[in-house]
Amino acid sequence: MKTLIAYSSTLGCTEQCASRLKADLGNGVEMFRISRRRRINLQDYDTVIIGGSIHAGIIQRSVRHFCETNLKVLLQKQVGLFVCCMDPEADENEMIQKAFPEKLVENALASGFFGGELNIKKMNLLQKIMTRKAARLQKEPEIDFQKILEFARILQEA
Ligand SMILES: Cc1cc2nc3c(=O)[nH]c(=O)nc-3n(C[C@H](O)[C@H](O)[C@H](O)COP(=O)(O)O)c2cc1C
């Protein structure tokens, strides 16, 4: 059984979650950074997990594009979907439904919100300004490693 984790990460948090998920899933897992310039043959995989992060309310366009252009193939696979963002109070279902095409969400075996991180050291000025409201968050955002483990367990048992 081959599994692909296709992800996009602006400042490294989603990549870290993808790496952790790869470790939790065990052997036979590959990672692929989504980019419009790079193609991958999804037919080679039994399971495809797709993840991205929320910026200004939406998931990276490249993730959305990847899902839409590969939708037909993805609907024949076991699929997992995850997102990262800074708002710990975010509604998980709402976020997943907004981030991914409806049919893919309906078809997904597992979906989850893995928390997030504010990587201020890596941000440019605009990104710092855009995440100002984070200062008003009750709790510092963090990656939820337990959620990642649970997500891996659901996929392994499927
Ligand atoms: C410019 C910018 C805009 C962001 N906008 C949102 C947002 O609208 N909602 C939210 O919950 N998190 C937002 N975040 C937080 C990110 O989703 C969070 O830091 C996430 O962990 C980033 O993952 P990445 O490093 O893989 O891109 C934003 C972060 C940045 C840098």
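Numbering of ligands and ligand atoms starts at 1, following listing order.
Remark: ligand 1 atoms within the under-4.0 Å shell around heavy atoms of C84 are 17 (O). Interface of T14 with ligand 1, defined as ligand atoms under 4.0 Å from a residue heavy atom, comprises 23 (O), 24 (P), 26 (O). Close approach of ligand 1 to A56 is summarised as follows: ligand atoms under 4.0 Å from at least one heavy atom of the residue are 3 (C), 4 (C), 5 (N), 6 (C), 7 (C), 8 (O). Annotation for ligand 1: atoms under 4.0 Å from non-hydrogen atoms of T131 are 2 (C), 28 (C), 29 (C), 30 (C), 31 (C). The atoms of ligand 1 that sit less than 4.0 Å from any heavy atom of G57 are 7 (C), 8 (O). Each of the atoms 11 (O) of ligand 1 lies under 4.0 Å from some heavy atom of D87. For ligand 1, the atoms lying closer than 4.0 Å to a non-hydrogen atom of G116 are 21 (O).
At a threshold of 4.0 Å, the pair E92-K147 counts as salt-bridged, since one of the basic side-chain nitrogens sits closer than that to a carboxylate oxygen. Between E68 and R64, at least one side-chain N (NZ, or NE/NH1/NH2) sits under 4.0 Å from a carboxylate O, which counts as a salt bridge.
For the pair F32/I5, no side-chain contact is recorded, criterion being any heavy-atom separation below 4.5 Å from C-beta on. Residues E106 and E102 are in side-chain contact: their nearest non-hydrogen atoms beyond the backbone lie under 4.5 Å apart. Here the side chains of I54 and I58 are not in contact, with every heavy-atom distance at 4.5 Å or above.
Residue N70 forms a side-chain contact (heavy atoms from CB on, under 4.5 Å) with just one option from L42, I40, L75, I50, and that option is L42.
Below 3.5 Å of separation, one finds no N or O of Q127 facing any N or O of ligand 1. Where the criterion is an N or O separation shorter than 3.5 Å, residue side chain and backbone included, M130 fails it with respect to ligand 1. Between C13 and ligand 1, an N or O atom pair is found at a separation short of 3.5 Å. Residue T10 places at least one N or O, backbone or side chain, under 3.5 Å from an N or O of ligand 1.
Scanning both residues, I59 and A99, for their nearest heavy atoms gives CG2-O, 3.5 Å.
Heavy-atom separations between L118 and ligand 1 include at least one value shorter than 4.0 Å. Heavy atoms of A90 stay at 4.0 angstrom or farther from ligand 1.
A centroid separation of 6.0 Å or more is found between the aromatic rings of F114 and F145.
Contact annotation: for P141 versus ligand 1, there are no heavy atoms closer than 4.0 Å.
With hydrogens and angles left out, the side-chain atoms of Q60 and T10 include a donor and acceptor closer than 3.5 Å. Between the side chains of T47 and Q78, at least one donor-acceptor pair of N or O atoms lies under 3.5 Å.
Residue nearest to atom 19 (O) of ligand 1, selected from H55, E117, M86: E117 (by heavy-atom distance). When the options L11, I58, I120, I54 are ranked by their closest heavy atom to atom 31 (C) of ligand 1, first place goes to L11.
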